[in-house]
Every structure is written in structure tokens, then in C-alpha cells.
Protein chains: 2
Amino acid sequence: MAAETVSAALTLKDIAREAGVSLATVDRVLHNRPGVRPDTVRRVQETIARNAFQPHVAAAELARGRARRFAFVMPTGANPFMQQIEAYLGEMSAWLSARRLGVELINTDVFDPSVLAVTLETLSGDYDGVAVVALDHPGVRAAINDLVDAGTKVVTLVSDVPSSRRHHYVGIDNIAAGRTAGALVGRLVGEKPGKVAIIAGSQGLRDHAERIFGFNQVMASEFSHLDILPLLEGRDEDDRSEQLISRLLDKHPDIISLYNVGAGTQGVAKALTEAGRERQIVFIAHDLTAMTRRLLLQGTLDVAISQNPGHEARAAVRVLLSLARNEPILSEQENIRIDILMRDNLP
Amino acid sequence: MAAETVSAALTLKDIAREAGVSLATVDRVLHNRPGVRPDTVRRVQETIARNAFQPHVAAAELARGRARRFAFVMPTGANPFMQQIEAYLGEMSAWLSARRLGVELINTDVFDPSVLAVTLETLSGDYDGVAVVALDHPGVRAAINDLVDAGTKVVTLVSDVPSSRRHHYVGIDNIAAGRTAGALVGRLVGEKPGKVAIIAGSQGLRDHAERIFGFNQVMASEFSHLDILPLLEGRDEDDRSEQLISRLLDKHPDIISLYNVGAGTQGVAKALTEAGRERQIVFIAHDLTAMTRRLLLQGTLDVAISQNPGHEARAAVRVLLSLARNEPILSEQENIRIDILMRDNLP
DNA sequence: GGCGTTTTGAGGTACGCAACTCATTTTGAG
DNA sequence: CTCAAAATGAGTTGCGTACCTCAAAACGCC
């Protein structure tokens with residue numbers, strides 16, 4: 001009936017005895033400190049591996065004394081998704097302080113590469129880890145690499161800089177998200193032909209561009225009977241998005257689906273409602289907010305494709321902590337999923 | 001630019017000084033030990049609250065000495081979903097042993113209430129926490145309540161016993177999952193009329209019954225133009241499911257959708273393929289396995305509705321640990337979502 | 001005021017490890 | 001073989017809490 005023997009809870013002392021060395025030497029090996037012959041290093045490491053020894057994190061954390069500090073570099077402004085991430089960080093405060101972890105929010109203009117780069121440079125040395133909503137730009141890449149070289153653990157959040165040497169990326173694959181949107185549009189409109197409208201904040205934003213790319217990929221290869229209208233750019237603003245969509249709906253009475261790549265969903269929904277076509281048009285947007293939730297429940301919005309902001313906040317903290325402690329990362333746990341949210345599976 | 005002051009990392013000693021009592025008294029209050037006047041208790045608690053003091057979990061865990069033991073009571077047999085949960089528990093072993101947590105798997109016949117009840121009774125006293133895939137039955141409920149009364153933390157996993165006094169449920173709302181399936185069937189078949197087939201393992205299984213209930217609810221209220229065929233019971237077996245579906249497809253050439261509530265998806269898919277109708281019929285099933293993944297990629301399966309087994313495994317462990325430590329639970333984190341998985345958002 | 005009881009204080013030990021010092025041994029180069 | 005450098009051992013201290021003991025003080029009751 002039972003299984004798995006309860007391991008005897010070895011300590012460093014046991015490892016030292018079994019390897020035939022002193023505690024000090026085990027400590028040196030464990031922390032890559034110099035002054036140990038390669039032979040001895042190997043012998044100690046083998047003993048550790050053989051016994052699957054894991055240092056007691058509580059003891060290690062306690063002995064370490066110094067508290068760990070992490071910085072979260074987030075965009076200034078009223079982006080609701082980012083605000084949700086910040087809110088979930090706030091909800092973790094008891095969890096964090098019980099572990100003597102300090103998380104500091106640093107708001108900056110992440111869309112200006114030089115400003116972001118300077119902000120990152122100023123962090124060097126002050127933090128054990130940094131999570132950053134990064135723009136993929138040479139200056140930012142260099143700043144990230146400098147941080148890494150200085151021994152700071154770096155995690156990119158929501159938006160990646162794959163060419164940098166950041167330790168981890170916490171966020172979704174936006175091309176796949178765009179493909180998902182495309183597949184849903186194609187599947188939900190059925191077989192009837194018609195026009196599909198697509199509006200984004202800006203093609204210059206990497207995540208938007210990637211989603212558009214994935215969307216078009218699927219539409220072209222699998223739903224070629226649908227006519228994709230030229231991309232509109234609403235700058236993630238409700239008013240502007242509303243105007244653009246209103247005009248478009250007037251011009252094309254045969255629009256059967258609408259994909260909003262970025263923010264401004266409220267404006268788009270308003271245009272749809274005022275044209276009286278909110279139920280006839282398959283409407284797909286991103287992110288779960290109080291507003292998109294309402295739109296899903298009333299049927300204006302058919303699907304919200306989202307990434308879980310709470311998960312991203314916690315994953316970033318956990319990854320930074322694991323990196324700082326030299327613990328392995330549970331990759332399956334920290335992988336952010338592309339959520340398809342409809343009326344009936346709202347969390 | 002910056003925000004949040006770094007808290008000064010108070011210790012018990014600081015609390016004692018500020019409250020004007022000794023360390024021993026603070027300790028008594030903190031652990032609800034007797035021998036403290038109500039006045040004093042209040043004063044100490046106020047000081048703790050005022051300073052938002054959190055005991056250092058590392059220090060507490062270290063001082064405690066004794067390792068914590070958790071038991072996972074899981075069904076015997078080859079249920080792939082349960083095996084995935086067990087596999088993810090295995091992947092956590094390093095994480096667990098670094099925290100001196102022992103997790104033991106106990107396989108038993110969870111579908112026989114008396115066997116399950118007896119199994120649970122034998123655990124009393126041996127474990128700090130128990131996670132159990134429970135059947136909702138008076139005997140099981142009583143056994144769970146006994147465990148709770150004995151001070152063991154109890155979490156129901158995947159399948160709940162809401163009438164018991166278990167501390168937490170880790171799993172999805174199966175009615176909502178069934179509703180989601182219904183909405184997807186309705187949306188994906190479009191406006192054309194036709195018959196919808198539904199097959200489950202058994203109506204006697206609570207989770208299957210709930211999914212069927214939710215499914216029918218949505219179909220009746222929103223897609224009444226679709227004709228729901230009588231429920232088939234495949235006992236979660238591939239062979240039997242295949243035979244039932246084959247016969248049904250022969251009999252009804254106008255089936256346009258198929259919902260498999262339980263396991264046996266491989267058999268259903270085989271029947272669909274051999275009838276040559278795998279692309280014409282909207283096929284929705286549950287759980288992500290190597291097989292359903294393959295079926296999604298090749299287009300036989302349109303949607304897999306799933307709950308993340310890794311998440312469930314980790315959430316159960318985290319919840320048990322938080323309960324044992326008297327820490328608050330991050331409810332948003334431990335809430336299991338109903339995942340809609342299609343070809344393009346596979347993890 | 002004296003008594004027993006309850007409450008509180010003071011202090012110690014232990015947990016497992018990090019980080020350090022300093023003495024001693026081993027090693028390898030000349 | 002000698003000697004300096006490298007490697008290792010031995011030991012200490014402290015992290016913040018749990019848990020324990022024993023003595024002292026405060027309290028309530030008659």
C-alpha cells in the first residue's frame with residue numbers, strides 16, 4: 001500500500017563524514033569557494049549526488065542572515081494588465097515578509113530604451129534579482145547583460161529579450177497566442193464567408209506584432225475563404241479604437257469577426273454595440289479584466305485570450321528566488337499558459 | 001521612482017520589548033499556549049498586528065526540528081490523469097526534500113467507500129496532512145471528519161466531499177466544465193441542426209454526473225436546435241467506448257458533434273476515424289495526455305477541456321504546508337482553472 | 001494578611017547551515 | 001631535502017524560532 005521510504009534527512013555533517021573530509025571542505029565545495037583540490041571536489045560532489053543530499057533551505061536561509069531584495073521594473077501608466085501584476089505582488093506581501101524577501105516596484109518608461117537601460121544600470125549591486133518588462137533593444141540588452149555579469153539574477157516579464165543573457169523569461173509565446181486567436185475566429189464563424197477586422201495598439205510593439213503574425217499565419221493557411229481587412233492601429237486607446245471600428249463597421253456591412261490584439265477593448269465593444277451588431281460578429285480580445293469579464297458574460301465578447309497576471313507575478317518571484325538560492329526551477333510550474341476564457345470557464 | 005519601504009525585519013524579541021512582556025509570553029501567545037491573561041494576550045496580539053509581524057518561516061521550520069509528513073491517497077489502477085499527478089509529485093522531490101517534507105503515496109480503491117474510509121482511519125496520527133481523491137459517501141465523510149478532529153490537515157483532490165469539514169478542495173468545478181463543453185459544442189457546430197452524442201464513464205461518478213448536468217443545462221437553454229442523443233456509458237474503457245460509438249455513428253449519419261465526458265478518448269477517436277468522419281464531427285473530450293495531444297494536433301479532437309495535473313499536485317502540497325504552518329493560503333494561486341486546450345495553445 | 005493558584009520572566013538548548021579564522025598538514029617545485 | 005604555497009581540518013559564532021524548565025511575581029479568595 002505505501003511507497004517511498006522517508007529519507008533519513010542527512011545533514012552536511014553526514015556528507016562530510018561519508019566523504020572523509022571536514023565540514024569546512026564540504027562547505028567550500030558547496031559554494032564553489034577556492035582552495036580545494038579537484039579530486040576532493042569530485043569526491044564530495046559524488047557523495048552529495050549519491051545521497052541526493054539537499055541542504056535544508058530553512059537552515060541555509062537563516063544562516064545567510066542578509067535578506068534578499070528583488071526589484072520589479074514595470075511600466076508607468078495605467079495599463080490594467082500591469083496593474084494586476086502589481087496588485088498580485090501586493091497580495092504576496094505576507095508571504096514575502098515571512099521569508100524576509102523584499103520586493104520593490106520601480107516604475108519607469110519601459111518603452112524608451114535609453115530610459116529603461118539607465119534604470120537598469122542604477123540597480124546594479126543593490127538587488128539580488130530583477131524582473132523587468134523589457135523592450136527588445138540593443139541598449140536594453142546590454143544593460144541586462146551587465147546586470148547578469150554583476151551577479152544579479154534577471155528575469156524578463158511579459159515581454160522578452162531573447163538575445164540577452166537573462167536567466168529566464170516569464171510570459172507567453174505571443175505568436176502562439178495570435179495563432180490561437182486566428183483558429184478561434186475561423187472555427188467560430190463557421191463556413192460562411194465574410195470579412196475579418198483586426199485592430200492592434202501598434203505594430204511597433206513586439207507582442208502585438210507577434211500576435212498579428214500568428215493570427216495571419218493561421219488565417220492564410222486554414223481559413224483562406226475569409227477576407228482579412230487591413231490592420232487598424234488604435235494605440236491601445238478606447239476612444240480612438242471606437243472611432244476606427246465604428247467607421248469600419250459602417251463601411252463593411254459584411255464583417256463577421258473582429259480581433260482586438262491589444263487594449264482598447266472597451267472602445268471596440270462600444271462601437272460594436274452602437275452599431276447593433278454585437279451578437280452577429282465574433283469578437284475576440286485579450287486579457288481578463290473586470291470589463292472583459294462583463295463583456296464575456298453579456299455575450300458581446302466571445303473569447304478572451306489571456307495570460308494569468310497572478311501566475312506571472314508569483315512565477316517571477318519564485319524563479320528569482322530559486323535562481324538566487326541555486327535551486328532548480330520547476331519549469332512546468334513557471335511556464336505561463338495561453339488561457340482561452342469563455343463565459344463558462346471564467347475563474 | 002521607487003516605492004515600498006523595506007520593512008525592518010522585526011523579530012520576536014522586538015515584539016516582546018514593544019509589548020512589555022518577555023519572549024516566553026510572546027511565544028505562548030503565538031502558539032495559543034495556556035497561562036496568559038486575556039489582557040496580555042490582547043496586548044501582544046495588537047503589537048504583532050500593529051507591526052505586521054511575520055515569524056521568519058525559515059527559523060520556525062528549523063527550530064521545529066521534526067519533519068512534516070503528508071500522505072496522498074490516490075486511486076489504484078491505470079488512470080492516466082492520476083498518474084500524471086503522481087508524476088508531478090515525483091518531480092517535486094528535490095523541492096520537498098530541501099524543505100524536509102515527506103510525501104507518501106498511498107494507493108487504494110477510492111471507489112469503494114468502506115475501503116477508502118478504513119484507509120483514511122489508519123492514517124490518523126501518522127501524518128501532518130492528507131490529500132485524498134475522495135468519494136462523496138457518508139463513511140468517507142466521517143473518516144475525513146475524524147482526521148480533521150485529530151488535528152490532521154485534510155485536502156480533497158480532484159473530487160470533493162463538500163459536506164465534510166475538509167480544510168480545502170483542490171480541483172475544478174465540474175458543472176462549469178460541462179457547461180464549457182456544451183458552449184463549445186454549440187459554438188463550433190454553428191447554426192446547422194443535427195444530433196449530438198455524449199458518452200461518459202458512468203453516471204454514478206460524481207464528476208461525470210456534474211459535467212453531464214452542466215452540458216445539458218447549456219444545450220437546453222442555448223442550443224435547443226441540437227438534438228442530444230441518450231447518454232452512453234463506456235466505463236472509461238477504450239474498447240467499450242469504441243464499440244458504442246461505432247454503432248451509434250452507423251445508426252445516425254447526422255451526428256455533428258461528440259462529447260466524451262470521461263476517459264476512453266482513444267477508443268472514441270478510433271471509432272470516429274474508422275467511420276471516416278473525424279473531421280466532420282466536432283469532437284470534445286477531457287484531459288491532456290500524450291494521446292489527446294496527438295489527436296488535437298491531427299485535428300481529430302477539436303478541444304480538450306482539462307485541469308492541470310501538475311498544478312493540482314503542487315497546489316495540494318502548498319495548501320497542506322500552509323495549513324500546517326498556519327500560514328494564509330493564496331487562494332488565487334491555488335484555484336484550479338478549467339483549461340480550454342486547442343491545437344495552438346497546447347502547453 | 002496568608003494562602004494557593006495563576007501568570008510571567010529569565011534563561012537555556014537545539015535546529016542546520018553560512019561564513020569566518022587560524023592552525024596544521026599536504027603538495028609540488030626547485 | 002627544503003620551503004613556500006596550497007589544501008584541509010577544527011573550531012567558533014550567529015541567524016530566529018520552538019520548546020522546555022524553574023523561579024519569581026502577581027493575583028484572587030477566604
Side-chain angles (χ1 to χ4, degrees), chain A residues 7-45 47-48 51-68 96-101 128 324-327, chain B residues 7-45 47-48 51-68 96-101 128 324-327:
Chain A
S7 53
L10 297 181
T11 71
L12 277 184
K13 210 188 294 182
D14 302 315
I15 298 297
R17 191 172 354 95
E18 187 170 331
V21 298
S22 74
L23 253 175
T25 300
V26 178
D27 182 67
R28 290 182 183 109
V29 172
L30 212 54
H31 300 91
N32 307 312
R33 281 191 255 273
V36 185
R37 231 177 317 161
D39 280 18
T40 315
V41 172
R42 198 167 344 105
R43 192 153 40 101
V44 173
Q45 284 176 337
T47 310
I48 289 175
N51 297 76
F53 169 74
Q54 297 279 131
H56 193 321
V57 304
E61 211 58 24
L62 189 59
R64 191 169 179 282
R66 199 165 56 82
R68 300 189 192 271
L96 291 167
S97 76
R99 287 159 184 76
R100 299 300 184 268
L101 300 177
D128 301 285
R325 287 177 174 168
N326 278 320
E327 275 186 327
Chain B
S7 53
L10 295 182
T11 71
L12 278 183
K13 212 186 294 180
D14 301 315
I15 298 297
R17 192 171 354 96
E18 187 170 331
V21 298
S22 73
L23 250 175
T25 301
V26 178
D27 182 68
R28 290 181 183 114
V29 172
L30 213 55
H31 299 91
N32 308 313
R33 280 191 258 274
V36 185
R37 230 176 317 161
D39 280 16
T40 316
V41 172
R42 197 163 352 100
R43 193 154 37 106
V44 172
Q45 283 175 336
T47 309
I48 289 175
N51 298 76
F53 170 74
Q54 296 280 132
H56 193 321
V57 303
E61 211 58 23
L62 186 60
R64 192 170 179 280
R66 197 166 57 82
R68 301 188 191 269
L96 291 167
S97 76
R99 286 158 185 76
R100 299 300 185 267
L101 300 176
D128 300 286
R325 288 177 174 169
N326 278 319
E327 274 185 327

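Because the structure is predicted, anything quoted here is derived from the model rather than measured. Every chain is numbered from 1, with letters handed out A, B, ... down the list of sequences.
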Whole-Å distance separating the NE2 atom of H56(B) from the P atom of dG16(C): 17 Å

query: Taking CG from D27(A) and P from dC20(C), how many angstroms apart are they, rounded to a whole number?
result: 10 Å

message: In this structure, how many angstroms lie between the C1' atom of dC15(C) and the CG atom of L10(A), rounded?
response: 16 Å

query: With a non-hydrogen cut-off below 4.0 angstrom, is A60(A) in contact with a base, only sugar-phosphate, or nothing?
result: sugar-phosphate

- prompt: So, is T40(B) close to the dT7(C) phosphate, meaning a side-chain N or O under 4.0 Å from OP1 or OP2?
  reply: no

- prompt: Between L12(B) (CG) and dG12(C) (P), how many Å, whole number?
  reply: 18 Å

- request: Pick base, sugar-phosphate or nothing for G65(A), based on heavy-atom distances below 4.0 Å to the nucleic acid.
  value: nothing

message: Between the base of dG16(D) and the side chain of R64(B), is there a donor and acceptor pair under 3.5 angstrom?
response: no

- request: Output yes when a side-chain donor or acceptor of H31(B) lies under 3.5 Å from a complementary backbone atom of R33(B), and no otherwise.
  value: no

field: Among dG9(C), dG16(C), dT17(D), the one nearest L62(A) by side-chain distance
entry: dG16(C)

message: If the threshold is 4.0 Å, N to carboxylate O, is there a salt bridge linking R68(B) and E61(B)?
response: yes

query: To the nearest Å, how far apart are N32(A) CG and dA18(C) C1'?
result: 14 Å

query: dT17(D), dA10(C), dG11(D): which one has an atom nearest the side-chain heavy atoms of A24(B)?
result: dA10(C)

query: Under a 3.5 Å cut-off for both distances, is dG30(C) Watson-Crick or wobble paired, and to whom?
result: dC1(D)

task: Please determine if a side-chain N or O atom of H31(A) lies less than 4.0 Å away from the OP1 or OP2 oxygen of dA18(C).
output: yes

- prompt: What is the distance, rounded to the nearest whole Å, between atom CG of N51(A) and atom P of dG16(C)?
  reply: 16 Å

Nearest-angstrom distance from the residue atom CZ of R28(B) to P of dA10(C): 12 Å

- prompt: Has T25(A) got a side-chain N or O lying under 4.0 Å from the OP1 or OP2 atom of dG9(D)?
  reply: yes

message: Side chain of R37(B) only, heavy atoms from C-beta on: which candidate in dT7(C), dT17(D), dG16(C) is closest?
response: dT7(C)

query: Of A59(B) and R33(B), whose closest DNA chain D nucleotide lies nearer the 5' terminus?
result: A59(B)

Expected output: side-chain R325(B) to main-chain V57(B) donor-acceptor under 3.5 Å: no

query: More 5' along DNA chain C: R100(B) or S22(B), using each one's nearest nucleotide?
result: S22(B)

task: Write down the distance between CG (D39(B)) and P (dA26(D)), rounded to a whole number of angstrom.
output: 16 Å

- request: Check whether any side-chain heavy atom of R43(A) lies under 4.5 Å from a side-chain heavy atom of V21(A), and answer yes or no.
  value: yes

query: Got a salt bridge between E327(A) and R99(B), using NZ or NE/NH1/NH2 to carboxylate O under 4.0 Å?
result: yes

